[in-house]
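Step one of this worksheet: look at the structure below.
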Amino acid sequence: MRCPAPRRALSGLRGRSRGRSGLGAPPLVPPHPAATSSMAASTKAVSLFKRTLALSPPRGPPRAALGRLRGGGRRGQRSGAATPCPPSPPAPPRLQPALCPTVSPQDSLGLGLRTCYRYLNQTSRSFAAVIQALDGELRHAVCIFYLVLRALDTIEDDMTISLDVKVPMLHEFHSYLYQPDWKYMESKEKDRQVLEDFPTISMEFRNLSKVYQDVISDICHKMGVGMAEFLEKKVDSQREWDKYCHYVAGLVGIGLSRLFSASELEDPIVGQDTELANSMGLFLQKTNIIRDYLEDQLAGREFWPREVWSRYAKKLSDLAKPENIDMAVQCLNELITNALHHVPDVLTYLSRLKNQSVFNFCAIPQVMAIATLAACYNNKQVFRGVVKIRKGQAVTLMMDATNIQAVKAIMYQYVEEIYQKIPSTDPSSNKTQQIIASIRAMSLPGGPMASRHHYSPIYLSCAMLLAALSWQYLSTISKATEEYVQAGEN
């Protein structure tokens with residue numbers, strides 16, 4: 001059994017957050033005070049998308065973020081609509097909306113950077129859009145950071161490389177960044193192009209400011225050492241689970257935070273507080289590991305800590321047996337409770353961010369993760385098949401998570417959904433209730449809980465329309481980006 005899974009090392013960076021299909025209507029829980037603000041921002045975005053979809057990709061330098069998905073005109077109804085959405089108070093002025101994410105044909109990127117963005121789109125289509133939404137030179141630094149870690153991860157994943165070759169490569173990989181001709185041509189992995197054309201990536205790395213180079217090289221070195229350590233090591237204790245997640249995701253969060261501060265888009269404390277940055281990565285990584293139980297079992301991988309699952313079964317694979325489903329769900333709930341303990345750190349970290357593009361970049365994966373955990377909690381389907389959140393739900397989360405109050409409202413909603421599903425007989429029920437109480441306290445400081453109000457059919461119709469437009473917009477932007485990069489090659 002090999003511990004580091006394919007694609008694991010970048011999950012903190014990418015924020016993979018699939019969840020359960022068919023979550024149904026919003027849970028009957030008290031609304032967060034910021035909920036009505038999200039309604040207002042959503043109605044504003046309808047008119048923006050109607051205008052945006054009629055236009056070609058914007059000209060000028062690519063600026064930033066998915067915050068644009070919520071910004072736009074000051075009126076929310078579509079022209080010609082039979083019934084307008086109900087008026088709502090304006091969204092809290094936490095951060096200013098940013099411009100549309102895209103790399104336009106007018107941008108003057110060199111051949112090397114164009115190639116790097118092409119690799120970015122090929123290796124992570126969904127994450128590519130979020131990286132290209134970042135402001136200024138930070139965008140290029142994060143792009144190269146991603147590709148360097150993708151190359152490192154590809155070596156770690158390649159089971160055709162013997163350990164006596166792989167271990168030294170992982171230890172020394174950071175040094176290859178300064179070797180202009182180094183490349184690896186023998187990989188069989190699907191993302192092998194980042195190794196075969198590593199000279200292009202390393203050249204663009206060396207073109208970055210030294211402050212960015214130092215961060216990327218340092219994180220690459222630490223991650224390579226950590227990967228090598230867990231190549232033949234099982235995750236036994238919860239302490240080792242945290243250590244493994246630190247190597248493959250927490251370090252990504254720390255590296256990104258240092259890049260944010262180095263760009264001066266964020267304050268120095270963001271990069272200095274490694275404990276909070278580490279929690280950002282661990283929350284995402286643990287969510288991935290919890291959700292992907294069956295996928296990993298079928299591939300012969302094990303990431304759930306033995307210290308936990310051994311209390312419920314003799315072997316981790318036994319949890320998938322129908323006769324063990326009750327014990328399996330209890331084990332699942334205990335791990336989700338463990339992951340929820342990172343949410344307070346996540347909220348504290350996000351509250352420090354001041355740049356809109358950075359906030360969106362960080363917040364979107366976190367709200368996807370909490371939605372995924374809510375879908376997985378007490379859910380037998382985790383042991384039977386794929387657990388997903390709906391596409392429209394994902395788009396709504398992307399549009400709403402643009403300020404700290406909105407993120408708190410989302411966290412509040414999903415921990416309340418978990419709370420409603422806690423079985424009274426669950427061994428972890430007290431711990432689950434305690435951490436949910438802590439998250440509530442952070443999300444609703446000093447405020448009494450109000451009664452839940454159902455959204456009107458008119459609002460739900462507008463939300464569905466907005467989700468469809470948003471998805472079409474993101475698809476259009478992604479296609480435009482690929483066409484631009486391909487055009488630059490010709």
Side-chain angles (χ1 to χ4, degrees), residues 12 15 17 19 26-27 29-42 44-45 64-71 88-98 130 133-134 253 256-257 260 266 270 273 276-277 279-284 287 339-375 389 393-419 435-436 438-447 449 463 470:
S17 297
V29 297
H32 188 281
T36 54
S37 301
S38 295
M39 294 174 60
S42 297
K44 290 180 184 178
L66 297 171
R68 181 65 168 174
L69 298 179
R70 292 190 71 219
S88 301
R94 170 60 176 82
L95 295 169
Q96 294 299 317
V130 188
L134 289 168
L256 286 168
S257 300
F260 299 156
E266 297 297 343
V270 172
D273 195 335
L276 293 187
S279 273
M280 292 282 286
L282 263 61
F283 184 58
L284 299 180
T287 299
L340 287 175
H341 280 82
H342 296 290
V343 173
D345 280 351
V346 167
L347 292 175
T348 301
Y349 180 97
L350 293 175
S351 69
R352 291 176 174 174
L353 302 179
K354 60 183 183 181
N355 177 270
Q356 183 70 59
S357 71
V358 172
F359 186 92
N360 294 338
F361 179 93
C362 295
I364 290 172
Q366 303 295 332
V367 297
M368 296 289 188
I370 192 64
T372 299
L373 290 182
I389 54 176
Q393 182 184 6
V395 171
T396 300
L397 289 170
M398 290 170 62
M399 292 187 301
D400 285 348
T402 57
N403 62 75
I404 187 60
Q405 294 305 322
V407 170
K408 287 182 177 181
I410 293 169
M411 292 290 186
Y412 175 85
Q413 174 187 344
Y414 285 109
V415 297
E416 286 295 335
E417 181 178 323
I418 293 173
Y419 183 83
I435 184 56
I436 287 178
S438 297
I439 297 170
R440 281 173 174 165
M442 292 193 69
S443 300
L444 291 171
M449 293 188 183
S470 303

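Heavy-atom minimum distance, A406 versus D400: CB-O, 3.1 Å. Taking each heavy atom of N355 and E266 in turn, the nearest pair found is N-OE2, 2.9 Å. Shortest non-hydrogen contact noted between A363 and A401 is CB-O, 3.8 Å. The minimum heavy-atom distance linking A394 with I389 is given by the pair CB-CD1, 4.3 Å.
Between atom CZ of residue F359 and atom CG of residue L353 there is a gap of 6.5 Å, rounded to the nearest 0.5 Å. Separation of atoms CD1 (I370) and CD1 (I410) is listed at 10.5 Å; rounding is to 0.5 Å. Taken from CD1 in I439 to CD1 in I418, the straight-line distance is 7.5 Å, to the nearest 0.5 Å. Note that the CE atom of M368 and the OH atom of Y414 stand 9.0 Å from one another [nearest 0.5 Å]. For the atom pair CG of D345 and CZ of F283, the computed distance is 11.0 Å after rounding to the nearest 0.5 Å. Atom-to-atom distance recorded for L256:CG and C362:SG is 7.0 Å, nearest 0.5 angstrom.
In this structure, the side chains of N360 and T402 come closer than 4.5 Å at one or more pairs of heavy atoms. K408 has its side chain within reach of I404: a pair of non-hydrogen atoms, C-beta onward, lies under 4.5 Å apart. The closest side-chain heavy-atom distance from M411 to Q366 is below 4.5 Å.
Side-chain N or O atoms of S351 include one that pairs as donor or acceptor with a backbone N or O of T348 at under 3.5 Å.
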